[in-house]
Amino acid sequence: QKEKDADKRAREDYRASHPGFYNPNLKLHSILVVFLSLFALFIAFSLLFRGNAGLIGNAIATALLGCFSYTAYLVPIFMAVHAALWRKDVRNRTLVPKAICFIPVLLFSSSLAAVLAPTFAASTFDGGEAYTAGLALSGGGAVGGAIGYVLHSAFGMVGLVLFSVVTY
């Protein structure tokens, strides 16, 4: 037990003396927070004002909506929250894990949206139709539809809801 405590103290001392990227005083963090906030704002405006966001904004909005349908609106929300909590997450060394945890939340949300859509067909899946429906804010988009179809086929509606609840 004493060796484990000594190892733990040595690791903590090393982290404190060599913070590297997780040094909250790095100017890079201030730049990244501003960049992430502006990018979240750009994506939000691109999603809200499709057709008026320029070539890049329209491409981003089309790709996000086609893949995830209306759950794509979670992306700029998450980015804004991530930017707001950036300093705290750097100090706690939870910056990357929190960012990675958003991915399953987005995937399961869009798959649940796809399965709950009135047009969902449990017997077949067409990615092109799901992508087009996602652009019209119906279903869960192509990615959500594919995941929803696989999980619904394998585990039924109960299993999909359980996967989603555990992920949240």
Side-chain angles (χ1 to χ4, degrees), residues 28-90 92-168:
L28 175 66
H29 292 301
S30 299
I31 294 168
L32 290 175
V33 167
V34 170
F35 176 75
L36 186 62
S37 301
L38 290 174
F39 194 55
L41 196 59
F42 178 70
I43 290 176
F45 283 134
S46 296
L47 288 169
L48 292 172
F49 304 111
R50 283 185 283 163
N52 296 322
L55 188 63
I56 294 174
N58 290 336
I60 290 172
T62 300
L64 284 174
L65 290 173
C67 290
F68 305 110
S69 188
Y70 58 87
T71 59
Y73 289 98
L74 292 174
V75 173
I77 292 170
F78 172 75
M79 290 171 69
V81 169
H82 201 56
L85 299 175
W86 189 280
R87 291 269 184 206
K88 181 178 142 296
D89 291 342
V90 167
N92 295 337
R93 295 178 179 255
T94 58
L95 192 65
V96 174
K98 280 188 178 180
I100 291 172
C101 285
F102 173 69
I103 295 168
V105 170
L106 178 65
L107 294 177
F108 280 111
S109 296
S110 62
S111 65
L112 198 57
V115 172
L116 294 176
T119 58
F120 178 74
S123 58
T124 62
F125 172 73
D126 182 9
E129 285 181 20
Y131 188 86
T132 305
L135 291 175
L137 299 179
S138 174
V143 173
I147 294 170
Y149 174 75
V150 168
L151 290 177
H152 188 272
S153 297
F155 303 107
M157 187 62 171
V158 174
L160 177 61
V161 170
L162 286 176
F163 274 112
S164 299
V165 168
V166 168
T167 300
Y168 298 140

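The shortest side-chain heavy-atom distance between Tyr131 and Asp126 does not fall under the 4.5 Å cut-off. Put simply, the side chain of Ser37 reaches to within 4.5 Å of the side chain of Val33, judged on heavy atoms.
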Do Thr94 and Lys88 pass the side chain to side chain contact (heavy atoms under 4.5 Å, CB included) test, and can you show the C-alpha distance, the side-chain angles, and the key distance before you say yes or no?
CA-CA 8 Å; Thr94 58; Lys88 181 178 142 296; 5.8 Å; no
Hey, mind stepping through His82 and Asp89 against side chain to side chain contact (heavy atoms under 4.5 Å, CB included) and telling me if it holds?
CA-CA 9 Å; His82 201 56; Asp89 291 342; 4.1 Å; yes
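Judged by distance alone, with hydrogens and angles left aside, the side-chain atoms of Ser110 form a donor-acceptor pair with the main-chain N or O of Leu106 at under 3.5 Å. A distance-only check finds a donor-acceptor pair linking the side chain of Thr71 to the backbone of Phe68 [under 3.5 Å]. Between the side chain of Ser138 and the main chain of Gly134, no donor-acceptor pair closer than 3.5 Å is present.
Contacts of Ser30 classified as side-chain hydrogen bond (donor to acceptor under 3.5 Å, both in side chains), with partners at least two apart in sequence or in another chain: Arg87. Scanning for side chain to side chain contact (heavy atoms under 4.5 Å, CB included) contacts around Ser111 gives Phe108, Ile147, Leu160, with sequence neighbours left out.
Rounded to the nearest 0.5 angstrom, Met79 CE and Leu38 CG are separated by 10.0 Å.
Across Gly145 and Phe125, no two heavy atoms sit closer than the pair C-CE1, 3.3 Å. For the pair Ala142 and Gly127, the tightest heavy-atom approach, listed with the atom from each and the gap, is CB-O, 3.9 Å.
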List the atom pairs, with distances to 0.1 Å, where a side-chain N or O of residues 44-55 and a protein N or O form a donor-acceptor pair under 3.5 Å, not counting sequence neighbours.
{"residue": "Ser46", "atom": "OG", "partner": "Phe42", "partner atom": "O", "Å": "2.8"}
{"residue": "Arg50", "atom": "NH1", "partner": "Leu135", "partner atom": "O", "Å": "3.0"}

